[in-house]
Amino acid sequence: MKVLNGGLSMKNKDEQTQILIVGLGFVGLACFVGFNKLGYDVIGVDNNTEKIKNLRNLNFEEVEEDIGDYIKENSDILNKISNKLNASLFKNNKLISIFCVGTPNYDDGTPNLEILKNSISDLLSKDFVKEHEIVIKSTVPPGTIEKVLKPYIDKNFPNRKYSLISNPEFLREGTALMDFVNPDRIVIGQYNKSSIDKIYSDNYNCIFRTSPSGAEFCKYYSNSSLSAMISFTNEMRLYAEKLKIKDIKNIFNQFHSDRRWNDSSMKNYFWPGIGFGGYCLPKDTRALLDNMKENDFPSKVLRSVIEVNDELIERFSDVILEKFKDFKNVVFFGSSFKVGSDDIRESKTIEIYDNIKNNAKFNILFLNDKASKQIKKYKPEIKLINQEDINKDNGIVIFLKNNEYISYLSNHDTNYILDIPLLLDS
């Protein structure tokens, strides 16, 4: 449970805090009702007159059931919704405005930000609020706040006092209010502490803070990951049909039986690093791709999976050579293909070593670890070093997300470390 107060209204809320929700679609309505449930003074605005009329008439044909039920039981909140910004609704000179308007794509895939920009303009053109905290919950491409919205506001409203925060939504249509009340994560992109951050902090303990662009990226990463899984699964289904496999349903049911779905270790496969190695994954993905070619099935997803994995070697080889060009010794942490294994077959660490050893201006040493016996046997030219013998001025490359490295590396100059699997705190 990540809700600190159970989603109940509380008397100790700051009565001066006023929240405006712009756009009352399924996300906006969930936010409007959700913040009201948490005890805040919330206003809702949507320029769709018919939508406002239906809400006021308790016509919830297009409203999620639990949201409709809450509004019926708390019908006084309907006095706080309008199809236009009304000065009588605002109590203070400071306002948190959460924008939940649509950002549909143009035909070429580019997001249409005009609705969002026009909504912000409409708000900032009014004089009844002097200080604005503008929270973008609408889904926008990474860099939108910094490269589009901030320059737009500065140009058109140079005298307005405002701040811009990214707070992407992770609400599922059909369960939006439940997801708001009991979220799995709240992402806030900001440069300075904000009022919306305090509101979330007072109620939830699942907050991830980053920059505005980082928060915008979080939403796209999440949805694109889900899209990739769906496309990959459908490619596998199409290939199974090509092979005339009849019990296709069993293929997917057996995968769902993998214990890693239940013990949370599956999330390790959705974490960046040096790529997949070892005996099974590279061998089997390449064999399946070859099998597809033999059966005249043009893979797009699986082929790209292999290409991205292979390209990581060149990418990080170049980074290592450049970062440590002035170092005498560089130590590689993590020589096997994954944490806890001594298997160095298709170890990406060793692939990079082989790729750069003739061009490196520094000595390459491998940390003495569980896989050292295999290195001595199959790669005897590699020099090993113990942790206690590593100097403060040595460069270090972390290849595996091994928590055992953290305590030792906490005293090492982070400028001397390349942290490929994002093991350490940035």
Quick one: do the Asn355 and Ser317 side chains pair a donor with an acceptor below 3.5 Å? yes
Is it the case that the side chain of Ser257 and the backbone of Asn253 share a donor-acceptor pair, with hydrogens and angles ignored and the cut-off at 3.5 Å? yes
Could you tell me whether the side chains of Tyr353 and Ser335 share a donor-acceptor contact shorter than 3.5 Å? no
Counting neighbours of NZ on Lys379 that are heavy atoms of other residues, nucleotides or ligands and sit closer than 6.0 Å, is the number greater than 12? yes
Does the pair Lys357 and Asp354 meet the rule for a salt bridge (charged side-chain N to carboxylate O under 4.0 Å, His left out), with working shown? CA-CA 6 Å; Lys357 62 184 179 183; Asp354 288 336; 3.5 Å; yes
Atom of Ser372, atom of Asp369 and distance for their closest heavy-atom approach: OG-N, 2.7 Å
Where do Phe324 and Ile396 come nearest, in terms of heavy atoms and distance? CZ-O, 3.6 Å
What's the spacing between Phe270 CZ and Tyr221 OH if we round to 0.5 Å? 7.0 Å
Any donor-acceptor pair under 3.5 Å linking the side-chain atoms of Arg209 with those of Ser201? yes
Does atom CZ of Phe366 have more than 12 heavy-atom neighbours, drawn from other residues, nucleotides or ligands, at distances under 6.0 Å? yes
Whether Arg286 and Asp310 form a salt bridge (side-chain N of Lys/Arg under 4.0 Å from carboxylate O of Asp/Glu) is what I want to check. yes
Considering only distance and modelled atom types, tabulate donor-acceptor pairs under 3.5 Å from the side chains of residues 239-248, sequence neighbours left out.
from	atom 1	to	atom 2	distance (Å)
Tyr239	OH	Asn291	O	2.9
Tyr239	OH	Asn291	OD1	2.3
Tyr239	OH	Met292	N	3.4
Tyr239	OH	Asn295	ND2	3.0
Glu241	OE2	Arg237	NE	2.5
Glu241	OE2	Arg237	NH2	3.3
Lys242	NZ	Asn295	O	3.4

The reported gap from NZ in Lys293 to CZ in Arg303 (rounded to nearest 0.5 angstrom) is 8.5 Å
Examine the side chains of Asp197 and Gln190 and answer whether a donor and an acceptor come within less than 3.5 Å of each other. yes
Please indicate whether Lys150 has more than 12 foreign heavy atoms, meaning atoms of other residues, nucleotides or ligands, lying under 6.0 Å from its NZ. no
Take Phe35 and Asp41, measure what side chain to side chain contact (heavy atoms under 4.5 Å, CB included) needs, and give me the verdict at the end. CA-CA 8 Å; Phe35 281 116; Asp41 183 4; over 6 Å; no
Test ring-ring contact (aromatic ring centres under 6.0 Å, His included) applied to Phe399 - qualifying residues, sequence neighbours left out: Phe332
Flag if over 12 foreign heavy atoms under 6.0 Å of CZ, Arg56: yes
Closer than 3.5 angstrom, by distance alone: can the side chain of Thr110 be matched with the main-chain N or O of Tyr106 as a donor-acceptor pair? no
Using a cut-off of 6.0 Å, state whether more than 12 heavy atoms not belonging to Glu131 lie near its atom CD. yes
Sequence neighbours left out, cut at 3.5 Å: what donor-acceptor pairs do the side chains of residues 169-180 make with other protein atoms?
from	atom 1	to	atom 2	distance (Å)
Glu169	OE1	Leu171	N	2.9
Glu169	OE2	Lys219	NZ	3.1
Arg172	NE	Thr175	OG1	3.4
Arg172	NE	Asp179	OD2	2.9
Arg172	NH2	Asp179	OD1	2.8
Thr175	OG1	Asp179	OD2	3.2
Asp179	OD2	Arg172	N	2.9

Strictly distance-based, threshold 3.5 Å: is any side-chain N or O of His412 a donor or acceptor partner for the main-chain N or O of Asn394? yes
If you count heavy atoms of other groups shown closer than 6.0 angstrom to NZ of Lys361, is the number above 12? no
Any salt bridge between Asp154 and Arg160, counting N to O under 4.0 Å? no
For Glu235 and Ser299, which heavy atoms make the closest approach, and how far apart are they? OE2-OG, 2.9 Å
Side chain to side chain contact (heavy atoms under 4.5 Å, CB included) assessment of Ile115 paired with Thr103: CA-CA 7 Å; Ile115 302 172; Thr103 53; over 6 Å; no
Tell me whether Gln18 contacts the main-chain N or O of Leu89 through its side chain, where contact means a donor paired with an acceptor under 3.5 Å. yes
Point-to-point distance, once rounded to the nearest 0.5 Å, from CG of Asp46 to SG of Cys100: 10.0 Å
Is the count of non-hydrogen atoms from other residues, nucleotides or ligands lying under 6.0 Å from Asp108 atom CG greater than 12? yes
On a heavy-atom basis, the closest approach of Leu123 and Leu20 is CD1-CD2, 3.9 Å
Grab the two heavy atoms, one from Gly273 and one from Phe316, that are nearest each other, plus how far apart they are. O-CE1, 4.0 Å
Check whether any side-chain N or O of Asn309 sits under 3.5 Å from a backbone N or O of Phe276 as a donor-acceptor pair, and report yes or no. yes
Quick one: does any side-chain atom of Asn79 pair with a main-chain N or O of Asp76 as donor and acceptor, under 3.5 Å? yes
Provide the closest heavy-atom pair for Val331 versus Leu367 in the form atom of the first, atom of the second, distance. CG1-N, 3.9 Å
Treating Trp261 as the side-chain partner and Phe255 as the backbone partner, does any N or O pair qualify as donor plus acceptor under 3.5 Å? yes
Does Lys198 have more than 12 heavy atoms from other residues, nucleotides or ligands lying within 6.0 Å of its NZ? no
Short side-chain to backbone donor-acceptor contact, Ser82 and Leu85, under 3.5 Å: no
Tell me if the aromatic rings of Phe327 and Tyr416 count as close, with their centers under 6.0 Å from one another. yes
Nearest 0.5 Å please: distance from the OH atom of Tyr70 over to the CG atom of Asn36. 3.5 Å
Is there a side-chain contact between Leu124 and Ile134 in this structure, where contact means two heavy atoms from C-beta onward sitting under 4.5 Å apart? yes
With a 3.5 Å distance limit and no angle check, can you tell me whether Asn203 reaches the backbone of Ile199 through a side-chain donor-acceptor pair? yes
Determine whether Lys348 and Phe337 satisfy the following criterion, side chain to side chain contact (heavy atoms under 4.5 Å, CB included), listing intermediate values before the conclusion. CA-CA 6 Å; Lys348 296 301 168 184; Phe337 82 96; over 6 Å; no
If we ignore angles and hydrogens, is there a donor and acceptor under 3.5 Å between the side chains of Thr49 and Asn83? yes
Rounded to the nearest 0.5 Å, how far does OH of Tyr405 lie from CD1 of Ile398? 8.5 Å
When rounded to the nearest 0.5 Å, the distance separating CG of Leu289 from CD1 of Ile306 is 4.5 Å
Could you check Tyr408 against Ser410 for side chain to side chain contact (heavy atoms under 4.5 Å, CB included), going step by step and ending with a plain yes or no? CA-CA 6 Å; Tyr408 171 76; Ser410 62; over 6 Å; no
Please confirm whether the backbone N or O of Lys137 pairs with a side-chain atom of Asn167, one donor and one acceptor, at under 3.5 Å? no
